[in-house]
Structure formats: structure tokens, C-alpha cells
Amino acid sequence: MNVRIISANLVVKLLSFYREKTTMFFTFAFPIILILVFGTIFMSQDSMEYRLSVQDLDQTNSSAESIKTLAKKGKFKITSVDPAVDAVQYVRDSKVNLLLVVPRGYAASLMQRIIFNDYSSSVTITYVYDPSSSSVQTKMQILNAALAGINQGMSGRAPFIRSAEKSILTKKYRFIEFFVPGIIAMSIMTMSLFGTVDSDTELRQKGVIRKLSTTPITRTDWILSNVLYQFILAVISTLAMLLVSYAVFDVNLHIDAWLPVFILLDVFAFVGTGMILTRFVKEAQSAAAASNAISYPMMFLAGSFFPIELMPGLLQTIAKKLPLYYVNEGLRASMVFEDNMAALRSAAIIGVYAAVVFILGIMATKWEENQ
Amino acid sequence: MTRETEYAIEVDRLTKRYGDFPAVNDISFSVSKGEVFAFLGPNGAGKTSTVEIIETIRMPTSGKVTLLGMDVTKKKHEIVHRIGVLPQAFSSFDRITVRETLQYYSRLFSVKTDLDGLIELVNLGDKTKEQYKNLSGGLKQRLGIAIALVNDPEVVFLDEPTTGLDPLARHEVWEVLLGLKKKGKTVFLTTHYMEEAELLADTVAIISKGKIIAMGSPGELIEDNANYLALTLRSVDEKVLEIVQKLGFGTVPDKHKNIRIRVEQTYDVQKILQAIKDAGARYRSLDVRRPNLEEVFLKLTGEALREELPEMEAE
């Protein structure tokens with residue numbers, strides 16, 4: 001190992017990267033864009049407000065009050081529909097997925113029940129809906145829950161079964177706080193894998209590696225400089241992602257020594273995987289396809305974007321075999337849940353994987369023409 | 001152990017097989033220190049396999065190769081410090097400038113290189129800030145030669161340094177190589193351009209199908225294998241070909257109405273021209289020249305040195 005040679009190689013790699021603006025953009029900006037887009041989507045879901053169209057055929061103060069209560073309990077933004085229009089036709093024409101119809105006689109029935117204690121008096125609120133809409137069922141469930149609450153309130157009796165929430169976590173986290181560590185793990189994986197496969201395949205195909213094999217640089221120097229280069233890029237990219245997450249979403253993430261540990265393990269694991277892949281990729285044109293074949297299933301199955309518990313059992317079993325899953329788990333254990341034991345468990349698993357693939361990667365890397 | 005010898009390179013019964021195919025078949029030769037040695041042969045003759053074994057890039061199947069007294073299969077780390085290599089189809093890092101590239105290779109060898117002197121030698125003074133990807137083919141090759149010299153090597157290997165270059169760029173590279181020759185470097189050159197070998201080499205080895213079929217100075221090879229003259233008549237009348245054939249000379253006509261005639265002595269040239277004049281036939285121009293290595297190669301192997309022979313130029 002020669003430090004002078006490794007640093008010379010590192011300088012050339014960093015200069016090449018800095019001058020390749022498109023690569024720089026996709027490396028740094030793409031994960032940030034993902035955080036901004038998904039962060040915004042899920043932030044608004046935390047304070048989600050559904051639009052609800054209501055046709056009040058009763059047109060009384062009582063019906064108007066009830067609609068207001070419903071809007072408040074179900075977090076709905078109400079749009080009033082003219083009582084004269086045909087409800088079904090309205091839903092068809094105006095592309096709303098649900099219209100709530102309050103019947104005529106609503107106030108009279110309410111009076112009958114409250115003032116004359118006539119418990120047989122009731123009204124039927126009709127949902128006119130479009131079943132092809134994906135969000136309509138959620139809206140109807142919220143409406144049902146809100147109506148159940150109103151009915152319970154009107155009964156004047158305390159409910160028998162109540163519910164209470166108790167989280168096993170010391171603090172409550174938002175989706176964005178779950179999401180950011182996943183994106184950090186995923187972008188380091190992509191960067192290390194593509195960086196290694198693309199660059200090595202291209203340099204081999206162009207004959208640069210053959211030229212280097214006639215100089216004092218060794219295979220070990222070459223590989224170490226690549227790891228160092230990927231680590232520097234990973235650190236810069238992680239810092240950029242964290243800065244944006246703090247600035248835009250005011251995330252509450254815990255940063256400690258586990259972060260650089262997982263960045264390093266992520267880099268080693270996927271530079272190693274990339275080196276093994278490079279052995280089998282002969283042309284630069286197929287390098288991206290080969291990297292995609294590894295990275296796409298990994299990023300969608302390993303829980304980078306959403307918890308794997310949302311997936312069917314078989315896919316969960318597969319997810320737990322993927323190295324990226326343990327980087328995701330480890331980063332979340334340290335950054336979100338502050339659980340050192342869980343972080344240590346994940347670090348041990350990904351550490352063993354990284355060591356094995358990195359050694360195999362070194363063995364797979366051709367330096368001299370060994371034929 | 002390093003052995004002092006008058007030879008920079010000694011190759012003894014070298015064979016290189018890829019599967020059952022013998023790319024290099026039991027060849028032996030030596031290269032003296034300070035000489036320019038050219039390996040001349042068509043594509044696939046075994047030139048690059050041989051040179052890559054000497055450069056320590058490939059392992060031989062059998063035989064022994066000694067470079068500066070060291071076994072190339074055992075002393076790679078010592079050898080790489082003492083040689084400079086321009087590989088076939090050389091390439092470098094696209095977005096690194098000429099000067100940065102030379103600095104990079106200089107740091108790989110951990111040597112202090114006179115970069116300005118090197119840049120001057122290959123005539124790249126006005127391109128030092130140019131990125132590699134923006135250089136023309138000739139400039140790239142000149143940079144490749146400069147890289148091969150950063151460690152002031154004792155032996156320089158140039159594997160087809162002018163292949164794919166236009167004639168002007170080729171001549172510019174030749175100028176650089178003549179500069180190397182003047183400096184007394186040992187140069188091992190592989191080429192399929194006979195002009196290149198004739199111009200630059202002290203010794204030429206002709207290789208065909210993995211075997212060395214002739215070796216010597218360009219003059220010796222021509223003297224021994226092509227002792228005749230080539231008369232070329234351009235834009236000839238139809239009658240000319242008939243007249244020459246009647247005189248019993250071998251002719252090679254081409255589609256541009258040029259004919260190449262093989263004659264043994266100067267007198268035969270006079271005889272042919274007189275016969276054409278007497279018959280009132282015409283031609284536009286002529287030249288008479290000694291054969292070159294191309295003809296030597298044709299004679300020795302019965303195949304062309306390059307896949308496409310250059311046609312005789314019409315004036």
C-alpha cells in the first residue's frame with residue numbers, strides 16, 4: 001500500500017467527478033429531490049384534510065350545524081352542492097368521488113328525538129360515490145367514524161369501551177424521520193455500486209487499467225483509493241441530505257458515531273458488490289443495466305421507502321436477506337429510535353456481509369491480464 | 001537477481017497459447033541496449049501478445065523473457081520502474097488535463113519529472129490545460145508517449161503508436177519518436193506500417209502467425225529478400241500493358257490505369273520506356289524505386305502487411 005499513489009488516484013477521481021456536472025447532479029441532487037418530494041407528500045398527509053361535497057336538502061340551521069360538526073370531526077373541507085341538482089349526475093359530471101346527501105326533514109327528525117325523546121326517530125344520510133376512486137373508501141371510513149361519534153354523543157351516555165395509545169418508542173416519529181435514513185442508505189448503495197461498476201468497466205474497456213498495470217500502482221492501491229473516494233462522496237451526500245431535511249422539514253434525527261460507521265459499511269458492502277459485478281460486465285454499455293438489476297429490487301424490497309411490514313410475508317423474508325435492509329435498520333435504530341443494541345446487531349450483520357463481498361471483490365478484480 | 005548484459009531484452013523460445021491457439025510460437029530474439037527494435041506484422045500476428053509478456057502484463061505459456069537482466073515473470077515490481085509503456089489503443093482519464101495527467105503518472109512512479117521538458121519533447125506546450133477528451137488522436141498518442149517517459153525509463157515500449165492516425169498526425173508522432181532515438185533510448189516498437197519501421201528501426205523482426213520469419217536491419221532485409229526495382233507508370237494507354245507483357249516483365253495493373261512492373265536492373269527500365277516510345281504509346285508519369293518492407297513481407301509470407309494495401313496514388 002502506497003499512500004502517495006492512493007492520494008494521486010483519489011485526486012484524479014475527485015477532479016473527474018467535479019468536472020462531470022451531470023454525474024454530480026444525479027449523485028447529490030437526486031436523493032435530495034426524493035426527500036423533498038416524499039417529505040412534502042407525507043408532511044401534508046400528517047395534517048391531511050379531505051375535500052367533501054355535501055348536498056343539504058333540508059336547508060335548516062340544524063342540518064347546517066351538523067354538517068359543520070362532521071367537517072370538524074372528520075377533518076373535511078366542505079363544498080356545498082345546490083339542492084336542486086341531481087346527486088348522481090353531479091358526481092358523474094363534476095368528478096368528485098363522494099357526495100353526502102342530507103335528507104329533507106333532518107331538523108324535524110332531530111327535534112322529534114331530542115325534545116320528544118322519540119328514540120325511533122332517525123335520518124338516513126346517503127353517500128353517493130364513485131367506487132373506482134382509490135381514496136373514497138378511506139373517506140367513507142372517516143365519515144362512518146365521525147357519524148358514530150356524533151351518534152354516541154347524542155345518546156348522552158358514556159361509551160363502555162374506550163381506547164388509549166401507548167407507544168413502545170420513547171418518542172413519536174414522523175414519516176419523514178423514518179424516510180431520511182432509508183434514502184441515505186439507498187443513495188450510498190447506488191453511488192458505490194454504480195460508481196464502481198461504471199468507472200471500472202469503462203476504464204477497463206478503454207485500456208486505462210492495462211496502462212496502469214505497467215506502473216507501480218497495485219490492485220490494492222486502486223481498490224483502496226476507490227473506497228476512499230466513494231466514502232468521501234457518501235459523506236458529502238449524507239451531509240447535504242441531512243441539511244435539507246433539517247432546514248425544510250425540521251426533522252428530529254439523532255446523529256452519533258453510528259452514522260459514519262454505517263456509511264463506511266454501506267460503502268464497503270456495495271463497492272465490494274460492484275467489484276464482483278465488474279468481473280462479469282464486459283462493456284461499459286451494460287454496466288448500468290447490471291447495477292440496476294442489483295439496486296432496484298434492493299431499494300424497493302429492503303424497506304428504504306416504507307416499512308417492510310406493509311409487504312406480504314414472502315417479500316418480508318426476502319427483504320431480511322438483503323444487505324441494504326440491515327443498513328436501513330441500523331441507521332433507523334441509531335438515528336430515529338436511539339437503540340444502540342439494535343444498531344449493533346445490524347452493524348454486525350452488514351459488517352460480515354461487507355467483509356465477505358469485499359474480499360471476494362478483491363479476488364474478482366483483474367489487474368494484470370492473467371491469461 | 002539482476003544480471004548485467006549488453007541486451008535490454010532477451011526472449012528465449014517464447015510461446016503464448018490462448019486455449020489451443022498458439023498466438024506466439026516458440027520465438028527467440030534479443031534487443032540491444034540503445035537500439036530501436038521494430039516488430040513488424042499484420043493484425044493477429046502475435047505482436048501485442050509478445051510485447052505484453054515483455055511488459056509484464058501477460059504471463060507466457062512457456063519460454064523465458066529477460067528484461068534488463070530480470071525475469072519478467074518474477075520481477076514485475078522492479079521492472080515497472082525501469083520501463084515506459086504506450087499500450088495499444090492507449091487511453092486516459094477523459095476529464096483530466098494534459099499537465100494533470102502527467103503529474104498523476106509522475107506521482108504513481110514517485111519521481112520528480114521535468115514536466116515542462118517532457119511537454120516540450122512531445123510538442124504539447126499549447127495543450128497543457130486541455131482535457132484528454134478534447135485532444136485529437138495524434139495529440140492523445142503524443143501524450144501517451146510523454147506518459148511512457150515520465151519515469152525516464154531505460155526501455156520504452158510503443159505498441160502500434162500511429163495506428164488509426166491520419167498521415168499528418170502520424171508524421172508528428174514520428175518526429176517525437178526520432179527525438180527518442182536521438183536520446184539513445186532503447187525502444188521496442190510494434191507496428192504494421194512498414195514506413196514506420198523503415199524510418200525508425202535499427203532492427204526489424206517480421207512476425208507472421210506467431211513466428212519470426214526474418215530479422216535484420218531494414219536495408220539487410222530488403223537486400224536479402226527483394227533485390228529488384230519497382231517501376232510504376234501512371235495513367236497509361238491500353239497498349240502499354242501489352243507492350244510490357246510482350247517484353248516478358250511481370251505487371252500489376254490497378255483500376256486507375258497505373259501499372260507496377262518488377263525489373264531486375266536499371267537497363268530494363270530503359271528498355272521498357274524505349275519500347276513504349278517506339279510504339280507511340282503514352283503514360284502520364286513514372287517513378288522507379290527500390291522495394292520496401294511491404295514487398296519483403298509479401299515475398300516472405302504471401303500475404304499483405306495490412307488488410308488493405310494502399311492503392312498507388314494517381315497524379
Side-chain angles (χ1 to χ4, degrees), chain A residues 1-25 27 195 198-226 228-229 233 282-284 287 365-371, chain B residues 16-19 21 23 48-49 51-61 72-73 76-97 100-101 103-111 131-134 140 143-144 147-148 150-151 153 155-157 159:
Chain A
M1 192 180 84
N2 184 321
V3 177
R4 195 183 159 92
I5 289 177
I6 291 173
S7 66
N9 225 30
L10 187 61
V11 169
V12 161
K13 279 175 174 284
L14 289 171
L15 272 177
S16 298
F17 178 75
Y18 174 70
R19 288 173 186 162
E20 183 80 65
K21 302 294 181 208
T22 320
T23 310
M24 198 154 87
F25 172 81
T27 305
D198 279 6
S199 153
D200 281 9
T201 310
E202 190 193 339
L203 293 176
R204 180 175 304 287
Q205 197 182 5
K206 285 171 70 183
V208 177
I209 292 195
R210 190 169 46 172
K211 165 67 196 169
L212 290 174
S213 73
T214 65
T215 72
I217 186 171
T218 62
R219 187 170 61 170
T220 313
D221 295 333
W222 176 259
I223 290 168
L224 284 177
S225 64
N226 188 33
L228 201 56
Y229 163 71
L233 292 194
K282 300 290 177 212
E283 289 170 355
T365 301
K366 266 173 80 180
W367 197 242
E368 290 97 3
E369 301 288 338
N370 292 324
Q371 285 185 311
Chain B
K16 176 67 186 176
R17 288 179 177 279
Y18 299 107
F21 175 70
T48 296
S49 289
V51 78
E52 287 190 345
I53 290 167
I54 307 172
E55 290 165 352
T56 75
I57 297 177
R58 285 183 194 277
M59 293 296 281
T61 306
V72 295
T73 59
K76 179 183 172 72
H77 295 294
E78 287 87 340
I79 286 172
V80 292
H81 285 278
R82 296 173 68 182
I83 63 170
V85 175
L86 173 75
Q88 194 181 90
F90 159 79
S91 186
S92 190
F93 303 98
D94 275 343
R95 294 186 185 272
I96 302 300
T97 67
E100 287 164 353
T101 303
Q103 280 167 340
Y104 167 70
Y105 279 97
S106 170
R107 290 181 75 187
L108 292 190
F109 282 98
S110 302
V111 290
Q131 289 179 14
Y132 178 77
K133 69 181 171 68
N134 297 330
K140 283 177 177 171
L143 173 62
I147 292 170
V150 287
N151 55 328
V155 185
V156 184
F157 293 90
D159 194 359

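Residue numbers start from 1 in every chain, and the chains themselves are labelled A, B, ... in the order their sequence lines are given, proteins ahead of strands.
- At a 4.5 Å heavy-atom cutoff, the contact between B/S110 and chain A is made by backbone and side-chain atoms alike.
- The CZ atom of B/F93 sits 10.5 Å away from the CD atom of A/E202 when rounded to the nearest 0.5 Å.
- Residue B/Q131 touches chain A through its side chain alone, counting heavy-atom pairs closer than 4.5 Å.
- By number of non-hydrogen pairs under 4.5 angstrom with chain A, the leading residue of B/I83, B/I147, B/D94 is B/D94.
- Using a 4.5 Å cut-off between heavy atoms, B/T97 touches chain A through backbone and side chain atoms alike.
- Note that CD1 of B/I53 and CD of B/E55 are 10.5 Å apart. Values are rounded to the nearest 0.5 Å.
- Ranked by heavy-atom pairs shorter than 4.5 Å toward chain A, the options B/I79, B/N151, B/T101, B/V80 are led by B/V80.
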task: Give the C-alpha distance, both sets of side-chain angles, the deciding distance and a yes or no for side chain to side chain donor-acceptor pair (under 3.5 Å) between B/Y18 and B/S49.
output: CA-CA 10 Å; B/Y18 299 107; B/S49 289; 2.9 Å; yes
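- Contact of A/E20 with chain B is made through backbone and side chain together, with heavy-atom distances under 4.5 Å.
- The pair B/K16-B/E52 does not meet the salt-bridge criterion, since no charged nitrogen lies less than 4.0 angstrom from a carboxylate oxygen.
- The part of A/N2 that comes within reach of chain B is its side chain, from C-beta onward, which places non-hydrogen atoms under 4.5 angstrom from that chain.
- The ring pair (Phe, Tyr, Trp, His ring centres under 6.0 Å) check on B/F157 picks up B/F188, with sequence neighbours excluded.
- Looking at A/I6, there are no atoms closer than 4.5 Å to chain B (heavy atoms on both sides), in backbone or side chain.
- Relative to the six-membered ring of B/Y132, B/K140 meets both conditions, a distance below 6.0 Å and an angle of at most 45° to the axis.
- A cation-pi arrangement, defined by a distance under 6.0 Å to the six-membered ring centre and an angle within 45 degrees of its axis, is absent between A/K21 and A/F17.
- Between chain B and the options A/N9, A/L15, A/V11, A/I217, heavy-atom pairs under 4.5 Å are most frequent for A/N9.
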